[in-house]
Amino acid sequence: MADFDLSFLAKPPVLLPIARHKRSLQYAVEKYPVVIVVGHTGSGKTTQLPQYLHEAGWCAEGKMIAVTQPRRVAATTIAGRVAAEMRCQLGQEVGYSIRFEDMTSDKTKIKFLTDGMLLKEALSDPLLSKYSVIMVDEAHERALNSDLLLALLRKIQKKRLDLKMIVSSATIEAQAIANFFQGGQDDQPSQCKIVVLDGRSYPVDIQYLDQPAEDYVAIAVETAIKIHKDEGSGDILVFFTGRDEIQRGLEVLTDYAQKILPSDQALQPLPLYAGLSQAEQMYVFSPAAEHTRKVILSTNLAEASVTIDGIVYVIDSGYVKLRTYDPTTNIETLRRTPVSKASAVQRAGRAGRTRAGKCYRLYPEAAYQDLLMTTPPEICRTNLAPTILQLKALGIDNLASTQYLTPPPAKLLARGLEVLYSLDALDDYAKLTTLGSRMAELALPPMLGRALLASVTDDFNCLPEMLTVCAMTSQQSQEGNNLFFSHEGERAWEASRRKFATEEGDHLTYLNAYNAFVKENQSQRWCQSNHLSFKALSRAVSIRAQLERNVQRLGIATRVDPRTPNATTDRILRCITTGYFANAARMNPVDGTFRSLISSQRSTVTMHAHPSSLMFNRKADYVIFSELLESGNKIYIKDISKVEKSWLTQYGSKYYQVKEGK
DNA sequence: GAGCACTGC
């Protein structure tokens, strides 16, 4: 007993509600190919069920149990908990596997991993033959990768009758998932069993506004103050849509908190969003000082990704920022959108985890009735080019006939196919080309993958440089989106950015910054004094190493010509253009805005250089860019480099014929 | 003059 500190466990496993269902769950998995488990957070399904299956003998004969999660943190922390409960060292019988980190061994029986990771494993082991049971957790969130995994597993199960599947879902999606696996074969013996676990949550009293809120940030702040004055103890969680709203609310509440008399209970406002550093996020989880109430202002992060103890009051703005891809214009938008009923319920539930709570919805009850039942699944609002490539590489060729939980809109599929065709990843019959199958191995967006593969050819011969450009372009910093940033104001970072800036634009500037970082032995202090994100650069180092391994495995890497060890900027830019020719624009010299070169967009869309780009206040003629996004009624392009017009038609001949040659 | 949340042997 003394060997392991189990004090952090909320409850001894035998007392969890799921313990009563142990036998019936073991029986259901024995009898049915698919078991759908419905249970709230705190039911213990994710930690206990794999152990029940282990006990029931599902790890015999060298087979493993896989448990997938949509997020990496969940995979690692849950694995740690289960290892502690089973009293083994993490990485032995219980392990996890996420990108850049494999904590498994040949002893591993229960493996936690991300959905994306299991999809990648299927590339080399198409029937996932290592596993006897695969549990897909949090399927109701309808994340892209879990939807794809369900579609793949449904196919695999037809060939592997011994494979057992467990899908964990909230009530709202359970029946849809059951129908999906039943596949309309109602006359067949039942394939699917739904097991409902009683949750351990407390009632939440829900209150609405009489009128729609004009400024919900102001009302949320008022409500929080009112709770603090009138209601009993317990922390407050406020749902806003982004950093701006959070900072605005924080200011007012901080002002108020400073005026509270020392004799009264103190109030501690805290922000929570992904853009904050790890250290800044930790404040939210540490208990408040004595005689102090925490009020946490959060984005959607606190809805599913993160659980905070001690919340008794929830204030819900009723909105979320949702990313949506428009296949006609090729633009990604980030738009403030009303939440779904499922989200509103989930948010309210955050108040009832430790005792009965209250939820204040900052909209009228009639508005709640008008909300969509669920948020549209990601597969219906995302750029499908990477997905199609991935599925084709997995041998799922006829995408129209493949059954999805929700089929993606035809326009999204058509657009994705068109992009892949223009990149030579697909042939005239929409079959994967050799190039395409190599692109699928790379863990890069198709356009970047195409450019990276071009770098090994004699024409460009710039693999080392392109590995860096691709790693830098594909990495997304957790501290916000910028490689360059500073707390000392814009002038400070603008000055240091100039040190690395190149005439040609963002991509080669990234290359310079990366090379300098490596030359300085990846020093964190050096990053600080140069206003560079250490996190972003470190992540790029990991990605670059992985990309290099992937390219080596493909066996196509060329030797660097010793006479010209460093590629010319001309060659690198041309190489980038082989992937990004479709994302081309021309600057209007009068006002510095950009117009798309695609005929369908040319007359309608005015684009602006994103303020994070070097091209924000520089002159150019023709450019290519990595990202096109709409935000606040303006269309921005990001990661911009200058190119020659002739390169576009040279490397994108197929594309410009298709689009313009009618 | 700006960044919802995630993710890849």
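All heavy atoms count here, side chains included; hydrogens, waters and symmetry mates do not. Labels below follow one simple rule: chain letters A, B, ... track the order of the sequence lines, proteins then strands, and each chain is numbered from 1.
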For [X], which contact category applies under a 4.0 Å heavy-atom criterion: base, sugar-phosphate, or nothing?
X	result
A/R99	base
A/L444	base
A/Y636	sugar-phosphate
A/L322	nothing

For DNA chain B, determine which residues of residues 111-129 of chain A have any heavy atom closer than 4.0 angstrom to one of its atoms, and list them numerically.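 Nucleic-acid contacts, sorted: A/T114, A/G116, A/M117, A/K120, A/L123, A/S124.
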
Which residues share a salt bridge (Lys or Arg N to Asp or Glu O under 4.0 Å) with A/D316, sequence neighbours left out: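 Counting only residues at least two positions away or on another chain, A/D316 forms a salt bridge (Lys or Arg N to Asp or Glu O under 4.0 Å) with A/R347.
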
Out of [options], whichever nucleotide has its closest atom nearest the side chain of [X]:
X	options	answer
A/S612	B/dA2, B/dC4, B/dG8	B/dA2
A/R243	B/dC4, B/dC9, B/dG3	B/dG3
A/P445	B/dG8, B/dC9, B/dA2	B/dG8

Between A/P386 and A/L272, name the one whose nearest nucleotide on DNA chain B is closer to the 5' end.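 Between the two, 5'-proximity favours A/L272.
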
First of A/S631 and A/M439 reached from the 5' end of DNA chain B, by closest nucleotide: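 By nearest-heavy-atom nucleotide position, the 5'-most residue is A/S631.
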
Between [N] atom [atom2] and [X] atom [atom1], what is the distance in whole Å?
X	N	atom1	atom2	result
A/H608	B/dG3	NE2	C1'	17 Å
A/F100	B/dT7	CZ	P	12 Å
A/L394	B/dG8	CG	P	15 Å
A/L334	B/dA5	CG	P	9 Å
A/Q552	B/dC9	CD	P	16 Å
A/Y273	B/dA2	OH	P	16 Å
A/R553	B/dG8	CZ	C1'	12 Å
A/K638	B/dG1	NZ	P	17 Å

Listed partners of A/T76 passing side chain to side chain donor-acceptor pair (under 3.5 Å), at least two apart: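 Expected list: none.
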
Quick one: list whatever passes side chain to side chain donor-acceptor pair (under 3.5 Å) with A/Y273, sequence neighbours left out.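 Result, side chain to side chain donor-acceptor pair (under 3.5 Å) vs A/Y273: A/Q247.
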
What residue among A/V419, A/L423, A/L444 forms side-chain contact (heavy atoms from CB on, under 4.5 Å) with A/R450?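 By the side-chain contact (heavy atoms from CB on, under 4.5 Å) criterion, A/R450 pairs with just one of A/V419, A/L423, A/L444: A/L423.
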
Examine B/dG8: is either OP1 or OP2 under 4.0 Å from a nitrogen or oxygen in the side chain of A/Q390? Give yes or no.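 Answer no for this pair, as no side-chain N or O of A/Q390 is under 4.0 Å from OP1 or OP2.
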
Phosphate OP1/OP2 of B/dG8: any A/R72 side-chain N/O under 4.0 Å: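 So the side-chain polar atoms of A/R72 do come within 4.0 Å of the phosphate oxygens OP1 or OP2 of B/dG8, strictly under.
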
Any heavy-atom pair between the side chains of A/T473 and A/H507 that's under 4.5 Å?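 Sidechains of A/T473 and A/H507: in contact.
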
Decide yes or no for A/M439 and A/L452: does some side-chain heavy atom of the first lie under 4.5 Å from some side-chain heavy atom of the second?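 Contact flag for A/M439/A/L452 side chains = no.
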
Residues two or more places apart in sequence or in another chain: which of them pass side chain to side chain contact (heavy atoms under 4.5 Å, CB included) with A/N617?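 With neighbours one apart ignored, the set is empty.
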
Contacts of A/T324 that satisfy side chain to side chain contact (heavy atoms under 4.5 Å, CB included) - sequence neighbours left out: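 A/T324 satisfies side chain to side chain contact (heavy atoms under 4.5 Å, CB included) with A/T333, A/R381 once adjacent residues are dropped.
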
